[in-house]
Number of protein chains: 2
Amino acid sequence: MRAEVENLSSSEDIVQLADMFRLMGDASRLSIILVCLKGPTSVGDIAQRLGLSASLVSHHLRLLRAARVLRAERRGKQMFYCAADDHIECVIGDMVAHIGEPTEETD
Amino acid sequence: MRAEVENLSSSEDIVQLADMFRLMGDASRLSIILVCLKGPTSVGDIAQRLGLSASLVSHHLRLLRAARVLRAERRGKQMFYCAADDHIECVIGDMVAHIGEPTEETD
DNA sequence: ACAACATATGAACATCTATTCATATGTTGT
DNA sequence: ACAACATATGAATAGATGTTCATATGTTGT
């Protein structure tokens with residue numbers, strides 16, 4: 001087992017980790033993250049592409065920014081959001097791989 | 001961007017992915033997963049180690065098994081649970097790395 | 001068959017959370 | 001300063017979810 005995972009014992013660490021997963025565990029937020037992975041995108045663009053209200057997107061963006069999943073940058077009157085680092089993409093990629101894993105028969 | 005992540009477009013895929021993250025986004029469930037990553041563990045053991053009721057652990061295990069995060073194996077009257085594949089550990093490892101990432105000053 | 005143990009399940013409840021609506025803040029051009 | 005636009009924020013609400021309690025199912029030994 002990877003050392004980083006092995007050494008997870010304190011309940012604070014686990015809560016923090018769970019908070020991150022819960023943040024990605026909503027289809028609207030996850031969609032927002034996926035859009036932002038493609039490149040810096042304005043709030044209005046995100047809302048339009050996903051068919052969500054600008055208000056809802058803004059609420060979600062606040063959480064994602066607070067958790068440093070995304071970071072914001074102002075350009076004129078618009079705000080552009082993009083991925084804060086590339087671990088998020090790894091996390092998603094691994095999870096996609098898990099879902100694609102063939103089912104075991106021993107159930 | 002990784003091809004697996006790039007090609008995520010259908011909303012069904014995104015919902016399925018979000019469901020996986022939401023499943024890991026609870027401290028109790030995440031703790032259960034972490035225990036099971038160390039090796040096959042019985043329901044009673046999990047409950048005792050984490051200080052949770054056997055009933056609650058069983059409820060969570062049903063969800064985790066349904067999502068093929070964990071798989072079950074009977075030994076006598078006990079049920080032992082362990083990780084279904086090793087993608088889950090990767091996902092957690094990447095997320096730990098994200099959390100450990102130094103904060104940007106541009107906020 | 002019965003008792004003892006381990007796990008699973010269903011209903012009920014309190015708490016959390018995503019979404020909407022209304023409103024505020026901030027920015028650019030005239 | 002004002003209007004027009006973009007984003008952010010706060011309150012309210014309907015629906016989801018984690019936990020508990022009681023009970024059922026399944027397994028092993030006598």
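Every chain is numbered from 1 and lettered A, B, ... according to where its sequence line falls, protein lines coming before strand lines. What you see below is based on every heavy atom in this structure, not just the backbone, and it leaves out hydrogens, waters and symmetry mates.
The CG atom of A/L56 sits 13 Å away from the C1' atom of D/dT9 (whole-angstrom rounding). Per the geometry, CG belonging to A/L61 stands 11 Å off P belonging to D/dT9, to the nearest Å. Atom C1' of nucleotide C/dT7 and atom CD1 of B/I32 are separated by 13 Å, given to the nearest angstrom. Note: CG (A/L63) to P (C/dA18) measures 7 Å, nearest angstrom. In this structure, CG of B/D45 is placed 16 Å from P of C/dC5, rounded to the nearest angstrom. Between the P atom of C/dA18 and the CG atom of A/L52 lies a distance of 13 Å, rounded to the nearest Å. With rounding to whole Å, A/Q78 atom CD is found 15 Å from D/dA8 atom C1'. The interatomic distance linking A/D19 (CG) with D/dG18 (P) rounds to 13 Å, in whole Å.
In this structure, A/R75 reaches neither bases nor backbone, as no heavy-atom distance under 4.0 Å exists between it and the strands shown. Contact annotation for A/S42: backbone-only contact, meaning every heavy-atom pair under 4.0 Å involves sugar-phosphate atoms and none involves a base. Using a 4.0 Å heavy-atom distance criterion, A/H59 is classed as a base contact. Residue-level contact check: B/S28 touches the backbone only, with heavy atoms under 4.0 Å from sugar-phosphate atoms and none from bases.
In this structure, the nucleotide among D/dT27, C/dT7, D/dT20 sitting nearest to the side chain of B/K77 is D/dT27. Minimum atom distance to the side chain of B/D26 is reached by D/dT19, of the listed C/dG26, D/dT19, C/dA8. Closest contact between the side chain of B/R22 and the listed nucleotides D/dT17, D/dC21, D/dA6 involves D/dT17. Residue A/M79 has its side chain nearest to D/dT7 when only D/dT7, C/dT20, D/dT20 are considered. Checking C/dT19, C/dA8, D/dG26 against every side-chain atom of B/R65, the shortest atom distance belongs to C/dA8. For B/R74, whose side chain is taken as the heavy atoms from C-beta onward, the closest listed nucleotide among D/dT27, C/dG26, C/dT20 is D/dT27. Which of C/dA8, C/dG26, D/dA8 sits closest to the side chain of B/Y81 comes down to C/dA8.
Look at D/dT13: its Watson-Crick or wobble partner, with both distances under 3.5 angstrom, is C/dA18. Pairing partner, C/dC2: D/dG29, with both Watson-Crick or wobble hydrogen-bond distances short of 3.5 Å. C/dA8 is paired with D/dT23 under the criterion used here, namely a Watson-Crick or G-U wobble arrangement in which both key atom distances are under 3.5 Å.
For A/S55 and C/dT19, a side-chain-to-base donor-acceptor distance below 3.5 Å is absent, hydrogens and geometry of angles not being considered.
Using a distance-only test at 3.5 Å, with no hydrogens or angles considered, no donor-acceptor pair links the side chain of B/R29 to the main chain of B/L63.
Here the options are A/L64, A/L61, A/D85, A/V91, the test is side-chain contact (heavy atoms from CB on, under 4.5 Å), and the partner is A/V69; only A/L64 passes. Just one residue in the list A/D45, A/L30, A/I46 forms a side-chain contact (heavy atoms from CB on, under 4.5 Å) with A/V35, and that residue is A/I46.
Heavy atoms from other residues, nucleotides or ligands lying under 6.0 Å from CD of B/Q48 number 12 at most.
Hydrophobic clustering of Ile, Leu, Val, Met, Phe, Trp and Tyr side chains at less than 4.5 Å, counting indirect connections, unites B/L52 with B/M79.
Using a 4.5 Å cut-off on side-chain heavy atoms (C-beta onward), B/D19 and B/L23 make no contact.
Two residues, A/G76 and A/S53, neighbour DNA chain C, and the one matched to the more 5' nucleotide by heavy-atom proximity is A/S53.
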